[in-house]
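Quick notes on the structure that follows.
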Amino acid sequence: MTLSGMFKGFPLKAAALCALALTGGFLSQAQAQDGDIRLGIVSPNTGSNARYGSFALRGAQLAVEEINSAGGINGKKIKIFSGDSQCTPVEGVSATQRLIQEDKVGFIIGDICSSVTLAMQPIVENAKVLLVNAASSNPAITYKAGVGGFKWTYRNYPTDEVRSLVVLDYATKQKNFTKFAVLSVDSDYGRGAINFTKKYLERFKSEIISEDYYKDGEVDFRSVLAKIKNSGAQAIIMYGLADTTPIIARQMVETGLAGKIPLIGNGEFNAPATIKAAPTALNGAIEAAAWLPGWDTPRSKEFVKKFETAYKGETPNNHAYSHWETVHLIAATMKAANSTDGEKVRDAMAKIKFDSAVGPITFDDHNQALVPMILLEIEGGAPSIKGAFVGSIDYPKN
Amino acid sequence: MTMPAILKIEQISKSYGAVKAVSDVSLELQRGEILGLIGPNGSGKSTFFDCVTGLGTPDHGRVQLDGTDITGWPLNRIAREGRMLRSFQKTVVFSALDVEENLVIAGQMFAFDSTRATFGIGTETAAIVEELRIRARELIKLTGLWDVRHMPAGKLSGGQQKLIQFASMLMPKPKVILLDEPMAGINPKLIEQVVEAIRYANTQLGISFLIIEHNIDVVTSLCQRVIVLDQGQMLAQGTPQEIVINPLVREAYLGG
Amino acid sequence: MLNLLGEQLLNGIVTGSVYAIVAVGMTMTFGVLRVINFAHGEYFMVGTFASWFVIEKFDLGYPQSVVFAVALTALLAIVVGYFLMRKMVGAPFENGVLATLGVSLILQNLAVALFGGSYKFFNGGYIEPVELFGYGLAQQRILIVIVCVLVFIGLDLMVTYSRMGKSMRAVSQNIECCEIVGIDVQSVVLWTFVIGASLAGLSGVLTAPVNVSVYGGMGELITFKTLPIIIMGGLGNVRGTLIAAMILGIAESFVAGFIGLQFRDSVGFVTLILMLMWRPHGLFSLQSRF
Amino acid sequence: MSQLQETQQTWRSGLRLPAIILMAGLVLFAPAFVGSYSLHAVVIAMIFLLPALGLNLLVGYTGLLSLAQGAFFGVGAYASALLSIHFNTPFYVNVVSAGLISGALALPLGIPALRLRATSFVMCTLGFIVIGQAISKNWISLTRGDMGLSSVPKPYFALGPWSFSVVSTAAYYYLALAVAGLAILAFYLIVRSPAGRNMIAIRENETLAEAVGIPTWTYKLIVFVLSAIFAGVGGSLYVHYLTVVSPLTFQMYYTTTILIIVLGGGVGTISGVVFGSILFVALSEFLRVAPEIRMIAYGICLLLIVFKFPKGFAPVIDKVWSALGGQRA
């Protein structure tokens, strides 16, 4: 090889490739310009949280079918465009950009993973696309929304701050626990919830003895469980991933924690498959969830029935519910605004009063929905509902 | 009165584990001399070469080049600063590059005063490279490689590669060249060409040589003096004529 | 405190046993082929998936699923070994890195494409806890340790006494010589690779009941854990690998138990870098290879 | 030279100038007529071009296979993100600092690593990725751990009272184009210098290079640092474009993609790497291949490179191109 030969043929070849890429560019632009309402959904469809994404998408799809078969909104049908975030901010941002730029969506239901939603916020703000969160619970999302800054972000989901407060309140007052070990997932959600727990520790005269965070994909908890067993903790505060809960529960049985130290927090403790994996470890577990299939209101029961009919008898989880409900919320807001224009819908959402399966929804000045958190305890292998709480949030002063 | 030796090697020893490959070998290479180094296979010639040229480090002993102690210098420094170059028993060239590039590379580190300077891109750099290229062409002509100068070196015959290697070593105008079996595996017609080239370099360019060689005819015709190694130790030294009739040497070769 | 120390030691031995069974295959392959098999963890994944699949779809019992999983992994290894690994004898080192990286990408993402990216729940195995030295432990974990011991005894016997084992040892020492004395290097490479990959598959299905979740990316984690072990054990050294695996397992367990779970994964690679800086040939001398 | 080849030659050189003008036109005015998503894909490709150029310097010119390129890409991304978040520094400060920080880190890492031989060197560079991942995950106070850094400001330029931000994809396209162009120029100057020839010598035969006086170790270290600088600059460009960075930047995915660009495009060439980044990043991004399918394709590419096309796919395309063009015309 001679050094001078390096540029040989370069311009021609590169030109050919550019031409190829550009032809593709024209093709992609030639997509249909129909009158549908384009709704983007960013959720994890691959990776370790794909289960969440699958529930979320199916929930939203169900709602869209209901709305479209009832005639749509002002004659327009809703069309879903899905973007895979893999629960990572980088992929989530890519997916969001693609939805906005290529699929030209006007509305996005945001990710389940808080880290992704936080990263999406500035993008939708720039693009003037309405982002309605249906399942990410980190409080910072709405700290920064509404009067906090981002005008295009709304959230129809209770926050971790409420969740931490509700869980701690119940655990200390009803169960008389004062010493806790932390075993949470290492994410905005897991770490965020623990930070709020710490904020309220003093109020409930309790303490955190040990603190561990697990990575996505971790399977060996024996060492940390052994430590917790020897630490004198009365309960494990866990804000974790649904997929990891059965592993932890099983290893709690192995290490002799089951029945002695309960899990409290959130991580789909109430899912039948989870309970089946290790019933003895989960009995006594306390969970705060936005919704659960056993929630006893007509609308809730109707949703479960519809979901089961549509998807081969599979029971929905809270992400399916919250996405289903959020699509209905957006549709209702459009009807209220009598428009599908992004800005008008956005402004109408601030004033909406929507009857959801868990109660009426209104938004505060940070665009945060005031929705209740449901508290449940696993008793005899089944969740038993202990009540629903709407907590108000002390927004930090900027 | 004699001039001090250009290369003075004192009591080099090197062992691998329990095996003593070279023990206490000393020699002096005089200015302008062609010194032969012979010995049966496994007598430690190559190990000795490696220790002298910095490819390996001797366990003890000293190497002085033109009055400078170069013991423990790495190969590249001995080549660059000491201007003592070596060839390899298994011929190596930069296979993918053509003959001319091979020679230009061989001259580069001597033409630029530092590593940093080689990153230069200006006209000054270009001028230096052009000079190297002119010199490379001269040497290519000299070694009879003109017709194949734009062929990738790896595509050429073993003998031609030997010539490339030899021409490369002449690029930096060295003081000393150490050749490790320069005639091995090349056809008899080329042998004469290589011998001529060595002789030319020795007489016209004033380069001193230390040569490992098996071909006794070549040794006899080229070398003023010969040293015989056996089992890592110096067995004999003298003129080629003396060595050929030395009974100890004969025994070592036959017995080895 | 002593109680906790004992429990962490026990956890470490169990973890170390898993690492050992996986790593020994990789180190053997390196021994005969001088290739770091970046796809090694993928055979662990394939074993787990195979077992999960037959349990879920065909309602097979766990022991049968183990047999199926190991057989399938071995079959896959024969195919990969025949078409790829065998051809890497004497190839430049980079080729091995790239080709095995390619195999790893294909297998890993094929699993994701076929079965979806979400975690699967592994049903099966012997997960009832038993008491051992006063510590709770699933029966499966005891099984893992026992299998680990058996595997290493078996390998030791094979390498010392069987024809195949002797050929493996010969190839790992000097490939050129083997060709001269009539050892079919390519077939030794192929079968060593198949044994190694099958062992990875075996350890995958053995750990599935206690790890519970099954997913496409699980192999990559295992490969990354294995690399420091085989370096520490001295590349190609079977006994060294066992000791290195135990050291890493126990060290990880102590780090998770006494420092924090989040630091566990760093242990291996900090070890790796230190090893490479300090003793690139591993903790044990090269003489004890195989 | 035969008559046919002669005509072909003139045909080609006759077309060369228009082709250059056409290409320059396409490149300069692309945002005017390319769909914004295609533009996004091209921007991503230009970003990946940077670490790929760095790796090309290592593997293509010096013959060192390193897996650490993804790690330095990540370091650059984090460095740039942290600078702009905490000090609100303008883009040109970020991008230069990101390169320098990556390079500065590569120096102490390279010194021990380059003393190792092939196998151990590759393992060691793999170790750098894992360590990068561990640090980014666990040094929470700096990196926010798995949560990553979000809302990284879009690049802005400030010169006295005058300042502007690069927000739109089209604007970013020109920014990336400028940086990529400068990088190509820098790369070209490096490999055209005598040092470039010394690097090739090291790739071809390290012992012989030593024997002709090249301090191979020094050159390898310099190249390792240079490659890290390229990667760091790429990381900076990446993070300001996506506005987020998380420990996933230290995934094997990035390293694999960079490897594929260089090896698939054709090691040791500039056009090959440019071509590789368009083929493997822009096209795959823009065809929206599902991630797992894309990775399977990458895997197959790696096997093809090892067993069928050791020089990458660029020569194959060359052949097809000349078959389509010259002889038949």
Side-chain angles (χ1 to χ4, degrees), chain B residues 50 53-55 73-88 90-97 101-112 114-122 124-126 128-129 132 152-154 161 164-165 168-172 174 177-178 180, chain D residues 1 57 59-63 103 107 110 114-115 117 182 184-227 229-230 266-270 272 310-312 315:
Chain B
D50 290 351
T53 54
L55 201 58
W73 285 19
L75 176 57
N76 75 72
R77 189 170 169 207
I78 292 180
R80 195 173 62 249
E81 293 177 27
R83 305 229 162 189
M84 176 166 89
L85 287 114
R86 66 162 294 173
S87 73
F88 296 90
K90 187 168 176 283
T91 315
V92 280
V93 289
F94 301 121
S95 323
L97 307 176
E101 288 291 332
N102 260 276
L103 265 65
V104 170
I105 288 175
Q108 265 188 174
M109 286 318 291
F110 305 89
F112 292 94
S114 68
T115 305
R116 194 162 39 85
T118 63
F119 281 90
I121 44 168
E124 202 180 328
T125 309
I128 296 175
V129 174
L132 283 172
Q161 293 191 3
I164 296 173
Q165 202 178 32
S168 298
M169 280 188 288
L170 297 181
M171 279 298 290
I177 290 180
L178 282 74
D180 197 345
Chain D
M1 194 179 277
L57 214 50
V59 75
Y61 284 82
T62 322
L107 189 67
L114 286 163
R115 296 206 184 276
R117 289 192 322 171
L182 284 176
I184 290 177
L185 184 68
F187 182 90
Y188 182 69
L189 292 178
I190 291 170
V191 300
R192 280 299 297 267
S193 73
R197 215 178 277 114
N198 281 343
M199 291 172 205
I200 293 175
I202 295 170
R203 176 191 74 192
E204 289 296 310
N205 192 315
E206 198 172 331
T207 317
L208 180 57
E210 279 272 321
V212 298
I214 300 172
T216 55
W217 194 80
T218 312
Y219 274 94
K220 289 200 286 191
L221 188 62
I222 292 172
V223 172
F224 191 68
V225 170
L226 283 175
S227 77
I229 292 176
F230 273 102
V267 288
T269 60
I270 294 181
K311 287 185 175 157

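Here the structure is a predicted model, which means the values were calculated and not measured. The sequence lines fix the lettering, A, B, ..., with proteins before strands; numbering per chain opens at 1.
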Heavy-atom closest contact (B/Ala79 atom, D/Ala211 atom, distance)
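Heavy atoms only, the tightest pair is CB-O, 3.4 Å.
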List the atom of B/Phe110, the atom of D/Val212, and the distance in Å for their closest heavy-atom pair.
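Looking at all heavy atoms of both residues, the closest pair is CE1-O, 3.4 Å.
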Using non-hydrogen atoms and a 4.5 Å limit, figure out which bit of [X] sits close to chain D: side chain, backbone, both or neither.
X: B/Leu75; answer: both
X: B/Leu55; answer: side chain
X: B/Phe88; answer: side chain
X: B/Val92; answer: both

Most contacts with chain B, counted as non-hydrogen pairs under 4.5 angstrom, among D/Ala209, D/Ala201, D/Pro194:
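If we count pairs closer than 4.5 Å to chain B, D/Pro194 comes out on top.
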Please look at D/Leu208 and chain B and tell me whether the side chain, the backbone, both or neither of the residue comes under 4.5 angstrom of a heavy atom of that chain.
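D/Leu208 touches chain B through backbone and side-chain heavy atoms alike.
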Tell me which donor-acceptor pairs, judged by distance alone and kept under 3.5 Å, run between chain D and chain B, one pair per line.
from     : atom 1 : to       : atom 2 : distance (Å)
D/Ser193 : OG     : B/Thr118 : O      : 3.4
D/Pro194 : O      : B/Gln108 : NE2    : 3.0
D/Ala195 : N      : B/Thr118 : O      : 2.8
D/Arg197 : NE     : B/Glu101 : OE1    : 2.9
D/Arg197 : NH1    : B/Gln108 : OE1    : 2.4
D/Asn198 : OD1    : B/Gln108 : NE2    : 2.8
D/Glu204 : OE1    : B/Ser95  : N      : 3.3
D/Glu204 : OE1    : B/Ala96  : N      : 3.0
D/Glu210 : OE1    : B/Asn76  : N      : 3.2
D/Glu210 : OE1    : B/Asn76  : ND2    : 3.4
D/Glu210 : OE2    : B/Asn76  : ND2    : 3.2
D/Gly213 : O      : B/Arg80  : NH1    : 3.0
D/Tyr219 : OH     : B/Thr118 : OG1    : 2.6

